[in-house]
Amino acid sequence: MTSWWQRGIVDSGKLPLLVCLAAFVVTYLITRALTRLIRSGRSPLRDNVTANGVHVHHAVIGIVLLNTGAVMALTPLDPGLILIAALLIGSGSSLLLDEFADILH
């Protein structure tokens, strides 16, 4: 198993893609669960995040994460920072997709 992981994922350069996918899925599931809990009034986060009385949607956070990860990925980085960039891109993309209906309208 470890030789497959090393040969098939790490050595072939697919680890950043896997991290991006995992971050996307985990962030999406957590965001949906928290949103449902907030709407039902059972979440400790039921007080919405505001900036001077304006509700800050998680699409804003997603845009910041996605852009930060994209800029990081465009610069020469060591492998550890490439994985962080992949994590930011996956999480940011997930938050943006979750708010797509608000962005569209």
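Residue indices begin at 1 and follow the sequence shown.
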So, the side chain of T75 versus the backbone of M72: is there a donor-acceptor pair under 3.5 Å, distance only? yes
Are I89 and F24 packed together at the side-chain level, in the sense that at least one heavy-atom pair is separated by less than 4.5 angstrom? no
Separation between OG (S91) and CG (L65), nearest 0.5 Å, reads 6.5 Å
Enter the distance from L29:CG to L34:CG here, rounded to the nearest 0.5 Å. 11.0 Å
Please determine, by modelled atom types, if S94 and T27 share a side-chain donor-acceptor pair under 3.5 angstrom. no
Kindly give the heavy-atom pair with the smallest separation between T68 and L88, and that separation in Å. CG2-CD1, 3.9 Å
All heavy atoms of P16 vs all of A86, minimum pair found to be O-CB, 3.2 Å
According to a hydrophobic-cluster definition based on side-chain heavy atoms being under 4.5 Å apart (Ile, Leu, Val, Met, Phe, Trp, Tyr only), do L17 and L83 belong together? no
Atom NE2 in H58, atom CD1 in I63: separation rounded to 0.5 Å? 11.5 Å
How about L95 and T31: do any of their side-chain heavy atoms sit closer than 4.5 Å? yes
Would you say R32 has more than 12 foreign heavy atoms packed within less than 6.0 Å of its CZ? yes
Spacing of CG belonging to D98 relative to CD1 belonging to I30, to within rounding of 0.5 Å: 12.0 Å
